[in-house]
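Below: the structure, in structure tokens.
The sequence lines fix the lettering, A, B, ..., with proteins before strands; numbering per chain opens at 1.
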Amino acid sequence: MEPRYDPQSVETRWQETWEAEGLYAAEAADPRPAYVVAFPPPNVTGELHMGHALQLALADALIRWKRMQGYNCLFQPGYDHAGISTQYQVEKALEAEGRRRQDVGREAFVELVWDWLRRYGRTIMTQFRRMGASMDYRRERFTMDEGYTRAVLRFFVHLWEKGYLYRDHRIVNWCPYHLSALSDLELDHVEVEDELVYVRYPLADGSGHVTIATARPATILADVAVAVHPDDERYRGLVGRRAVVPFVEREVPVVADERVDPAFGTGALKVTPGHDPVDFEIGRTHGLPEPMVVGPDGRMNGAVPEVAGMTQEEAAAAVLAWCEERGLLERREPYRHTIAVCERCGSRIEPLISLQWWCRMDELKRPALEALRAGRVRYHPPSQHRFAIESLEAAPDWNVSRQIWWGHQLPVWYCPDGHLTVAEREPEACAECGTRELVRDPDVLDTWFSSALWPFATLGWPERTPDLERFYPGDFNITAREIIRLWENRMIFSGLELLGEVPFRDVIIHSTVLAPDGRRMSKSLGTGVDPLDVIAEYGTDATRYGLAKISSQQDTRLSYEAFAEGRSLAIKIWNAARLILLNAEGVRPALAPRDLEERWILARLDAARAGLEEAWGRFDFAEATRILYRLVFDDFCDWYAEAVKPRLSARDPDACATALAALERLLALLHPVMPHVSEEIWSRLPERKARLIVSPWPEPDPRWADAEEAEALERVRDAAVIFRRSGVRVELGSEDERRIFDAVVKPQRVRVDGDREAEIERLRREIARAEGMLANEGFVQKAPPEVVAAEREKLERYRRELAALGDPSC
RNA sequence: GGGCGGUUAGCUCAGCUGGGAGAGCGCCUGCCUUACACGCAGGUGGCCGCAGGUUCGAGUCCUGCACCGCCCACCA
């Protein structure tokens, strides 16, 4: 057995072996109980980042643990087509050649995206494998593959037939670059230096004017009202009168609306329903018209001929010049505020009105809310549960249409008379009038529309496949906080709507990984860390361990120390295994615990197993790493291995057999977090029947569950500490205890600095503390009896130890 | 503005249902003890953010405050 452990070659070899031997495979015909994770499909163009690595480390640990417990585990791999994101990447590539998608045309562009994906896409599954993710890679699915697309169209038709879908003119976030509506969740907000201008709107009766403040003077041309707060004393007499919009000289009403903030600007708001979301709401409330002056490209449209084709800056200049000439421009001041930009391309968002498809949420969300409230789906940590419920309660109708080309085109056809035909397959003729002149709706569906179906569309829905019967509903889902509204809630309500059951029972919201300096990880900041670099330096097992260790907080800093700790752990186990294997040649593993330290380590292994079960069950991954670290370093290596080493060196057959058996158990406990090093060692043990990955999770054995050994070891520990610090040997009761003491402390080699006085001082302090506690009547009467008893025991022990040191006061 | 989380050793963080302030790294000391120097043994180091409260007892529970972070949000 090599003295040095080299993770790189070992890890890739096992990844290939496990997959080739079919040990990741999940089969519908397998009668064992199923355990299923709904794992977020990465973008088809994506690269592995720390978020993926963390998700994989956590989900895979759970899957591996359950696999050892005898479950038929399904860990489904796949990709998301990621609509706008993917389209944008291909558009960027096109732009490098000086072309835009409009130059190539829709059909050719979509073909281009497919080509591009064949060349650059689908690489991330290789990286998933490098993380050791035990996915059934044969089952790879894509949200745009044929069967999945059928599911998406079926979902749309289903919603249409239930009357949940409708078309409506609504104000949307319009990206002038992508020429598409974006959801609120696809926006970024950036701070900009703007200008706030104060403009007078003359009253129609000539009796004066009202001054409004605006950051977007070009939209003055689309104003249809002036609004003030109903309680605003300054404008009490104004409501109901009429004002004149500058430049276009249109008479508009002054209305009262509570959405106006009296403290902002002059307290009077110009109402522009066509280009502002709040104004749109105010306009609908007051039945105002909804003209638009900005076109889809962000420039002025033809509505006002004088400014047609201008940029908004040019139009603003023209409007303000007009106002200035007439003394209507009161003042302009610098104004710093945040604006919405497209998160993909950074273009300033133009709110404008367009015809979109909407999905009514009131009926859909009701059963999902019931399921959440009843705890049929539980979020972890629980603080996210309330957030999930509240955000679902508040969910507005869902804008499902996008004006891009890459995605699932709406299964909607129009005839020249304006009739709609909604069908899964292209219809021959209009469903209403029978004409064959049909034009398909050019829009595609929101990418989350298909993601919502992931837990069951990947299993063959809408067909009732054996996979679907077997693996739905699943067990857990793991994702980032900001995805809850986009994905989690939608999977839950669509699962309930289409299959009548929630798709999973537990949702693990993992922490956000920050850069080591606490800043957000991002390519633009240069703070990104490539998980593959970490793997190259520390190994996959160490990376998985490190990620699990830091996963306990809401926002967690990446820590190289945690990876280094994982690496030390792997090396430590490797060396512990060497100690045993080098001495136990030709011995078969058997549980033949004869001596104290053997019964003790078996009890410790069982205790660790119970602790791990509890931690896995609570999804407390950090706790699991702590248990493993303590088990390996403190218990297994520093005490058990040291204690049993003389007997191993002497080739004591019982000691060797038991050591092998104990090592087997240790490796099994380790496997979910560090599968590679544990499998590598496992493969070198004698008489292997199966790979560790599919070997049983250890069962507890009550034979060595009692506390006697623990107490004896505790006595040895105390004696060792006192000896090392003071050179005084405390009397030990049994032969076993003395033997372990000698093996672990190696008295002949210990150089004692001999500060007996300091040790006496320390024990006196402890005794004083314990005596103080026990003298406290409140403590003795009200504290739990076992706590008081423990305190008494400690006091006794300290006194004994003090006596052993030959303290004159005893 | 709303929600969530954080504030404990020089650094990164544990501390679950209130009863001895902990780990890893760093630093200091001693050890190449035939598994491991990527190691072993020992040590230094802390008004547990601040102020109140509950309790015999608070890092732990309650209230308030301060600072930091993340997510969300329509202030023209």
Side-chain angles (χ1 to χ4, degrees), chain A residues 1 3-5 171 184-185 189 196 212-216 219 227 259-261 263-266 268-272 276-282 335 337-338 340 351 381 383-384 386-387 390-391 394 480-482 484-485 511-512 514 516 518-520 549-550 552-562 564-565 567-583 614-615 618 620 622-623 626 629-630 633 637-638 641-642 645 648-649 720-721 724-725 744-746 748-753 766 769-770 773 776-784 787-788 790-791 794:
Chain A
M1 197 166 170
R4 268 181 142 50
Y5 175 63
I171 193 142
D184 291 345
L185 305 160
H189 295 86
L196 195 63
I212 59 87
T214 179
R216 300 188 62 199
T219 63
R259 280 163 285 210
V260 179
D261 176 3
F264 186 90
T266 62
L269 169 74
K270 73 190 222 20
V271 181
T272 321
D276 184 279
V278 178
D279 296 13
F280 180 83
E281 298 297 328
I282 294 176
Y335 181 50
H337 67 146
T338 56
S383 57
Q384 300 304 324
R386 195 161 58 87
F387 172 73
E390 283 171 3
S391 55
R481 244 191 344 278
E482 65 266 24
I484 290 175
R485 299 192 305 172
S511 42
T512 305
L514 304 174
R519 286 188 296 169
R520 221 182 147 58
K549 182 184 163 72
I550 65 172
S552 60
Q553 297 173 292
Q554 184 169 286
D555 306 297
T556 184
R557 294 181 185 202
L558 195 71
S559 157
Y560 290 101
E561 286 176 10
E565 189 176 303
R567 182 174 55 191
S568 308
L569 184 57
I571 292 168
K572 192 70 176 172
I573 294 151
W574 179 257
N575 283 304
R578 286 188 71 216
L579 169 69
I580 296 169
L581 287 168
L582 292 177
N583 287 300
E614 210 262 336
R618 290 204 329 253
D620 189 344
E623 174 67 7
R626 281 192 290 273
Y629 191 90
R630 294 266 78 88
F633 273 86
C637 292
D638 295 346
E642 290 300 333
K645 198 193 283 185
L648 292 179
S649 305
V721 167
R724 281 168 178 148
R725 286 205 282 230
V744 172
V745 179
K746 301 184 184 72
Q748 67 283 6
R749 289 186 180 276
V750 171
R751 202 197 79 189
V752 176
D753 292 328
E766 294 290 355
R769 190 196 51 78
M773 294 275 294
N776 178 344
E777 275 183 43
F779 172 69
V780 176
Q781 285 167 16
K782 296 187 183 176
V787 173
V788 179
E791 205 58 47
K794 269 186 268 180

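- Heavy atoms only, all atoms of each residue included: A:Ser511 and A:Ile550 are closest at OG-O, 4.3 Å.
- Counting non-hydrogen atoms under 4.0 angstrom, A:Lys794 reaches a base of the nucleic acid.
- Ranked by how close their nearest RNA chain B nucleotide is to the 5' end, A:Gln384 and A:Ile550 are led by A:Gln384.
- Listed candidates were B:C72, B:C40, B:G42. Nearest to the side chain of A:Asp638 is B:C40.
- Atom name C1', nucleotides B:G5 and B:G49: the rounded distance is 15 Å, in whole Å.
- Rounded to an integer number of Å, the gap from A:Leu558 CG to B:U12 P is 14 Å.
- When the C1' atom of B:A21 is taken as reference, atom CD of A:Glu766 falls 12 Å away, rounded to whole Å.
- Side-chain atoms of A:Arg578 lie closest to B:C36 of the nucleotides B:C36, B:G43, B:C75.
- As rounded to the nearest Å, B:G43 and B:G24 have P atoms that lie 12 Å from one another.
- Here the straight-line distance linking atom CD1 of A:Ile212 with atom NZ of A:Lys270 works out to 6.5 Å at 0.5 Å rounding.
- Between the P atoms of B:G10 and B:A66, the separation comes to 27 Å (whole Å).
- Look at the P atom in both B:C48 and B:C61: the space between them is 16 Å, to the nearest Å.
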**Message:** If a pair means Watson-Crick or G-U wobble with both distances below 3.5 Å, what does RNA chain B look like in dot-bracket form, with | marking bases paired to a different strand?
**Reply:** (((((((..((((.....[..)))).(((((.......))))).....(((((..]....))))))))))))....
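- Taking only side-chain nitrogens and oxygens, A:Arg485 comes nearer than 4.0 Å to OP1 or OP2 of B:A73.
- Annotation: ring-ring contact (aromatic ring centres under 6.0 Å, His included) contacts of A:Tyr335 (sequence neighbours excluded): A:His337.
- Taking only side-chain nitrogens and oxygens, A:Arg481 never comes nearer than 4.0 Å to OP1 or OP2 of B:C71.
- Residue A:Phe264 is in base contact, counting any heavy-atom pair closer than 4.0 Å across all strands shown.
- Between the side chain of A:Asp279 and the main chain of A:Thr272, a donor-acceptor pair closer than 3.5 Å is present.
- Nucleic acid contact for A:Met773: sugar-phosphate only, since backbone atoms but no base atoms lie under 4.0 Å from a heavy atom of the residue.
- Between A:Met1 atom CE and A:Trp574 atom CH2 the span is 4.0 Å, to the nearest 0.5 Å.
- Out of B:C36, B:C25, B:C38, the shortest distance to the side chain of A:Ile571 is found at B:C38.
- Summarising the geometry, the separation between CD on A:Glu791 and P on B:C56 is reported as 19 Å, rounded to the nearest angstrom.
- On the P atoms, B:C67 is 39 Å away from B:C28, given to the nearest whole Å.
- The existence of a salt bridge linking A:Lys572 and A:Glu565 is excluded, since no basic side-chain nitrogen approaches an acidic carboxylate oxygen closer than 4.0 Å.
- To the nearest 0.5 Å, atom CD of residue A:Glu561 and atom CZ of residue A:Arg567 are 12.0 Å apart.
- The NZ atom of A:Lys782 lies 10.5 Å from the CD atom of A:Glu777; values are rounded to the nearest 0.5 Å.
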Report all interatomic pairs (protein N or O, nucleotide N or O of nucleotides 13-15 of chain B) with separations under 3.5 Å.
{"residue": "B:A14", "atom": "OP1", "partner": "A:Ser552", "partner atom": "OG", "Å": "3.0"}
{"residue": "B:A14", "atom": "O2'", "partner": "A:Arg626", "partner atom": "NE", "Å": "2.9"}
{"residue": "B:A14", "atom": "O2'", "partner": "A:Arg626", "partner atom": "NH1", "Å": "2.9"}
{"residue": "B:A14", "atom": "O2'", "partner": "A:Arg626", "partner atom": "NH2", "Å": "3.3"}

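- Nearest-nucleotide positions on RNA chain B place A:Asn583 closer to the 5' end than the other of A:Pro277 and A:Asn583.
- One can find a donor-acceptor pair under 3.5 Å joining the base of B:A35 and the side-chain atoms of A:Glu642.
- Closest approach to the A:Arg386 side chain among B:C4, B:C71, B:C38 is made by B:C4 (side chain taken as heavy atoms from C-beta onward).
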**Message:** If you apply the rule side chain to side chain contact (heavy atoms under 4.5 Å, CB included), what do you find for A:Phe264 with A:Leu269, and how did you get there?
**Reply:** CA-CA 9 Å; A:Phe264 186 90; A:Leu269 169 74; over 6 Å; no
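- Regarding A:Leu579, its CG atom lies at a distance of 15 Å from the P atom of B:U33, rounded to whole Å.
- For A:Asn575, the listed nucleotide lying nearest its side chain is B:A35; candidates were B:C70, B:A35, B:G39.
- With rounding to whole Å, A:Phe779 atom CZ is found 10 Å from B:G20 atom C1'.
- Under 3.5 Å, the side chain of A:Lys572 and the base of B:C36 form at least one donor-acceptor pair of N or O atoms.
- Distance check on atom P: B:U54 versus B:U17 gives 22 Å, rounded to whole Å.
- At whole-Å resolution of the value, CZ in A:Arg724 and P in B:G42 are 5 Å apart.
- Looking at heavy-atom distances under 4.0 Å, A:Pro381 makes no contact with the nucleic acid at all.
- Residue contacts for A:Glu561: at a heavy-atom cut-off of 4.0 Å it reaches a base atom on one of the strands shown.
- Using atom P as the reference point in both B:U33 and B:A23, the two lie 26 Å apart (nearest Å).
- Separation of atoms CG (A:Leu558) and CG (A:Leu514) is listed at 9.5 Å; rounding is to 0.5 Å.
- Between A:Asn583 and A:Ser649, the closest heavy-atom pair is OD1-CA, 3.9 Å.
- In this structure, A:Lys270 does not reach the B:A76 phosphate: none of its side-chain N or O atoms is under 4.0 Å from OP1 or OP2.
- Atom P of B:A9 sits at a distance of 8 Å from the matching atom of B:C47, rounded to the whole Å.
- A heavy-atom distance below 4.5 Å is found between the side chains of A:Asp555 and A:Arg481.
- Taking 3.5 Å as the limit, the base of B:C4 and the side chain of A:Gln554 contain a donor-acceptor pair of atoms between them.
- Rounded to whole Å, atom P of B:A58 lies 13 Å from atom NZ of A:Lys782.
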**Prompt:** Can you check side chain to side chain contact (heavy atoms under 4.5 Å, CB included) on A:Asn575 and A:Arg578, steps first, answer last?
**Reply:** CA-CA 5 Å; A:Asn575 283 304; A:Arg578 286 188 71 216; 3.8 Å; yes
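- Across the protein-nucleic acid pair, A:Phe633 atom CZ and B:A37 atom P stand 13 Å apart, rounded to whole Å.
- The phosphate of B:A76 (OP1 or OP2) has a side-chain N or O of A:His337 nearer than 4.0 angstrom.
- Residue A:Tyr335 is classed as a sugar-phosphate contact, given heavy-atom separations below 4.0 Å to backbone atoms only.
- Nearest nucleotide to the side chain of A:Val721, out of B:G42, B:A76, B:G19: B:G42.
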